[in-house]
Amino acid sequence: MPSKLTLRFYVFPNAAALADAAAKYFITRIPEPDSTAVARIAISGGTTPKAMLRDLGSEAYVRYTHRWENLHLYWVDERCVPPDDAQSNYHMTEEALLAWVPLPPENVHRMEGELEPAVAAARYESELRNSFRLEGAEVPSFDLLLLGMGPDGHTASLFPHTEALDAMVELVVANHVPKLDAWRITLTWPVINQAKEVVFLIEGAEKADILHEVLFGPRDPERLPSQLIKPASGTLVFLLDEAAAARIPREGAQQHGPIWSNVIEVER
Ligand code: 6PG
């Protein structure tokens with residue numbers, strides 16, 4: 001049954017401005033040092049988040065170092081490779097962020113890509129149940145969940161026409177991706193949709209057409225898995241550079257200096 005989904009777009013002039021804005025978005029979601037609250041944030045891999053993570057780990061954010069105690073970091077997905085492999089999302093995050101900030105090791109919830117895929121998925125599911133203190137069929141609700149979008153419309157490791165698209169009971173699954181001839185570990189889309197805030201971080205001209213097709217084209221989630229992302233909150237946030245936003249409607253947009261924003265309601 002389709003229902004309304006609010007799409008919030010924030011468009012930045014270039015990739016550097018996008019990364020800085022995304023880092024600010026991220027850091028403001030971490031509770032103040034005197035708070036007893038924690039933020040449970042899940043990040044994606046790939047290349048787009050790298051610049052944001054580097055900004056987070058840079059001097060500019062050193063004043064926030066005291067906040068790191070209040071952050072628990074998770075991954076949306078992982079490649080089935082060792083943590084020191086150049087393909088590892090954890091390795092990318094370690095180089096860009098973890099090596100530079102005092103995040104307590106117990107606050108880093110790594111997907112163990114070095115294990116047999118089904119074992120890694122089962123162990124991460126247990127990690128989620130334990131760290132979120134879930135009972136029964138409860139689903140974890142991340143405070144913030146950052147997604148990317150592939151040129152084929154995949155997100156997380158939910159690739160077109162793969163088995164993970166049908167996983168609705170599990171929290172985490174191993175997913176074989178034939179076109180990559182590789183295994184991945186991924187959160188399932190029902191878990192992603194339970195996050196309090198779901199943000200797509202997308203940059204580059206090569207993503208403009210697929211983003212437009214996912215958002216405004218015919219519904220075909222088997223072919224365009226990013227269409228499965230419909231947060232229970234009813235809102236989906238997009239942090240984009242101008243190039244990726246080339247086909248996002250600007251009617252009714254607001255301009256804030258070099259940045260523009262727009263809100264569009266769709267039936268999803
Ligand atoms: C991964 C990511 C994946 C990524 C998209 C976009 O493990 O690769 O989780 O879903 O977000 O493929 O990747 P880029 O940012 O490299 O374009």
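Just follow the structure's listing: the first ligand is 1, and inside any ligand the first atom is 1. All values derive from a computational prediction rather than experimental measurement.
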| field | atom 11 (O) of ligand 1: nearest protein contact (heavy atom, Å) | value | Gly148 CA, 3.3 Å

| query | How far is atom 6 (C) of ligand 1 from its nearest protein heavy atom, and which residue and atom name does that atom have? | reply | Met149 O, 3.6 Å

| Looking only at protein heavy atoms, which one is nearest to atom 5 (C) of ligand 1, and how far off is it? | His154 NE2, 3.4 Å

| task | State the atoms of ligand 1, each with its element, that fall below the 4.0 Å cut-off from a heavy-atom position in Ser44. | result | 9 (O)

| With a 4.5 Å heavy-atom cut-off, do Leu187 and Trp75 have their side chains touching? | no

| query | Can we say Glu197 and Arg8 salt-bridge, meaning some charged N sits less than 4.0 Å from an Asp/Glu carboxylate O? | reply | no

| field | Nearest protein heavy atom with distance in Å, relative to atom 13 (O) of ligand 1 | value | Gly46 CA, 4.1 Å

| So, the side chain of Glu112 versus the backbone of Glu114: is there a donor-acceptor pair under 3.5 Å, distance only? | no

| message | Clusters formed by hydrophobic residues whose side-chain heavy atoms approach within less than 4.5 Å: which one holds Val263, and what are its other members? | response | none

| request: Using a 4.5 Å cut-off on heavy atoms from C-beta on, say whether the side chain of Pro160 contacts that of His154. | output: yes

| request: Indicate, as side chain, backbone, both or neither, the part of Asp77 found under 4.0 angstrom from ligand 1 when only non-hydrogen atoms are considered. | output: side chain

| field | Heavy-atom gap Lys207 to ligand 1 smaller than 4.0 Å | value | yes

| query | Which atoms of ligand 1 have any heavy atom of Arg184 under 4.0 Å away? | reply | 1 (C), 7 (O), 8 (O)

| note | Residue set satisfying side-chain contact (heavy atoms from CB on, under 4.5 Å) with Ala253, at least two apart, ordered chain then number -> Arg250, Trp260, Asn262

| query | Hey, does Ala156 come in under 3.5 Å of ligand 1, counting only N/O atoms on both sides? | reply | yes

| Taking NZ, NE, NH1 and NH2 as the nitrogens, is one of them in Lys24 or Asp55 under 4.0 Å from a carboxylate oxygen of the other? | no

| message | Between ligand 1 and Glu203, can you find any atom pair, the residue atom being a heavy atom, that is separated by under 4.0 Å? | response | no

| What is the nearest protein non-hydrogen atom to atom 15 (O) of ligand 1, stated with its residue, atom name and distance? | Thr48 OG1, 2.6 Å

| request: List the atom of Pro33, the atom of Asn70, and the distance in Å for their closest heavy-atom pair. | output: CA-ND2, 3.6 Å

| request: Give a yes/no verdict on whether any heavy atom in Val76 is under 4.0 Å from an atom of ligand 1. | output: no

| query | Has ligand 1 got any nitrogen or oxygen that is less than 3.5 angstrom from a nitrogen or oxygen of Arg79? | reply | yes

| note | If you scan protein heavy atoms around atom 14 (P) of ligand 1, the nearest is Thr47 OG1, 3.5 Å

| ring pair (Phe, Tyr, Trp, His ring centres under 6.0 Å) between Tyr25 and Tyr10, intermediate numbers included | CA-CA 11 Å; Tyr25 199 100; Tyr10 300 94; 7.1 Å; no

